[in-house]
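Working notes for the structure below.
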Amino acid sequence: MISTLLLSLSLLSLARGQNVGTNTAESHPQLRSQTCTKSGGCSTQSTSVVLDSNWRWLHNNGGSTNCYTGNAWDSTLCPDPTTCAKNCALDGADYPGTYGITSTGDALTLKFVTKGPYSTNIGSRVYLMASDTQYKMFQLKNKEFTFDVDVSNLPCGLNGALYFVEMDADGGMSKYPSNKAGAKYGTGYCDAQCPHDIKFINGEANLLDWTPSGSDKNAGSGRYGTCCQEMDVWEANSMATAYTPHPCTVSGPTRCEGTQCGDGSDRHNGICDKDGCDFNSYRMGNQTFYGKGATVNTNSKFTVVTQFITADNTATGALKEIRRLYVQNGKVIQNSKSNIAGMSAYDSVTENFCAAQKTAFGDTNDFKAKGGFTNMGNALQKGMVLALSIWDDHAAQMLWLDSSYPLDKDPSQPGVARGACATTSGKPSDVESQSPNASVTFSNIKFGDIGSTYSS
Ligand SMILES: *[C@@H]1O[C@H](CO)[C@@H](O)[C@H](O)[C@H]1NC(C)=O
Ligand SMILES: *[C@@H]1O[C@H](CO)[C@@H](O)[C@H](O)[C@H]1NC(C)=O
């Protein structure tokens, strides 16, 4: 019975071509969203989500032998990047059972740790899809993006993120024909940190110089990183939040190597602005605006509105300002105003805000160096993919979001304190063992004309 099944599966996958596994059928969880106009109101879109390929079971074509186990490549199936891409297939995902990803109607819940039948899964990242094979592309200039979020079950050290990255709509399939899986299997990720932990970049396995992570038994890093512009609309837990544009000097997904990746002491020598220009209300001087029982009360659900304002109020004008407001219990809450010595009060992200913030905090203005609003605006106009994720931070314990950071600076110095979490919080081994059931729920996604996606 089992051998018959395996035989028929392998025939099926040979007939279909390489790189897609068929042990589990890929079925994208439905997640309704809405498109809105000022004149016509909102209409429902039948969108869905897809799990990123990095989380998927990677095995030999037509079979079930792992190409990658834990944080190591199989040297027989994967002797080099192109042979590995030919030999290995990404399989379909059991979204709730293996990954703790569930959706109902317009709501998506991502659970932090999921003990499945074969593995323990930590965190996840999904993308919104327009069809079974294409990511939905958002052109955000002169538009507004709105969603509801429940972060009440997200403690210090976790991040429930909603953001846009400049990925290709087909996951890179047409540019790189050796990628036979494409967006349907969540390929083609890139972001402004130029991550090295991505297993396939440009249709090749990233196995050269692969170094297993010292602290993450599921991850490693390869020679190449994959960079692209990133607009972090929402990085948050119940204690702190930030929204942050990260421009790059390149357009679209770009494989990096060496200095270009901006690793370590090359942080500001790479092609992307890894720091970004962040607006975090706590860091900007209001410690009672966001949190448990605060003005924006993270004990219950609220609405987050982000507006991408252009100079001439058209979809092709120059990006001028990224504004934020919240709605909770039927009340519109304006963003907090910055309250930092030597800096005027700002309540949104603009070129002037970024310059003033970097000066006040003594930070390098890499945002400006990497093209600032011009380059970010170009990406927003071209179209970006919506990513939703839950993650813990093996590099910096999420202290840059919710605690005092960097650790060698005095927390009373402007810009160092970002949230009320302890500097000892957020260690992955602690949060994974103490808060495995943490989760974030995103719902009611709306996109459209400024002022069309929310009401009080
Ligand atoms: C923080 O924001 C709230 C709500 O806008 C406001 O009432 C309060 O005065 C602000 N606090 C500071 C220190 O700016
Ligand atoms: C997480 O949830 C499971 C299932 O409901 C429960 O058995 C377990 O005790 C919970 N773990 C923690 C640390 O709360």
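Basis for what follows: all heavy atoms, side chains included, without hydrogens, waters or symmetry-related copies. First listed ligand is number 1; within each ligand, the first listed atom is number 1.
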* Check: F138 ring centroid to F447 ring centroid under 6.0 Å -> yes
* When the aromatic ring centroids of F145 and F164 are compared, is their separation below 6.0 Å? -> yes
* Structure fact -> Between D363 and the options R267, K368, R283, the salt bridge (charged side-chain N to carboxylate O under 4.0 Å, His left out) test singles out R283
* Asked: Which of the numbered atoms in ligand 1 are below 4.0 angstrom from a heavy atom of N339?
  -> 13 (C)
* Going by the atom numbers of ligand 1, which of them fall below 4.0 Å from some non-hydrogen atom of F289? -> 2 (O), 4 (C)
* List the closest protein heavy-atom neighbour of atom 12 (C) of ligand 1: residue, atom name, distance to the nearest 0.1 Å. => N286 ND2, 3.3 Å
* Asked: Counting each atom of ligand 2 from 1 as listed, which ones have a heavy atom of P436 under 4.0 Å away?
  -> 13 (C)
* Asked: Going by distance only, is there an N or O of N437 that falls short of 3.5 Å from an N or O of ligand 2?
  -> yes
* Consider only side-chain N and O atoms of D191 and Q229, and report whether a donor and an acceptor are under 3.5 Å apart. => no
* Just checking, any donor-acceptor pair under 3.5 angstrom between side chains of H59 and S64? -> no
* **K446 and D106: CA distance, side-chain angles, deciding distance, salt bridge (charged side-chain N to carboxylate O under 4.0 Å, His left out) verdict** => CA-CA 10 Å; K446 293 183 184 178; D106 66 15; over 6 Å; no
Hey, is [atom] under 4.0 Å from any protein heavy atom?
atom: atom 7 (O) of ligand 2; result: no
atom: atom 14 (O) of ligand 2; result: yes
atom: atom 2 (O) of ligand 2; result: yes

* Asked: What about S336: any of its N or O atoms under 3.5 Å from an N or O on ligand 1?
  -> no
* Y127 vs Y189 aromatic rings, parallel, tilted or perpendicular, using cut-offs 30° and 60°? -> parallel
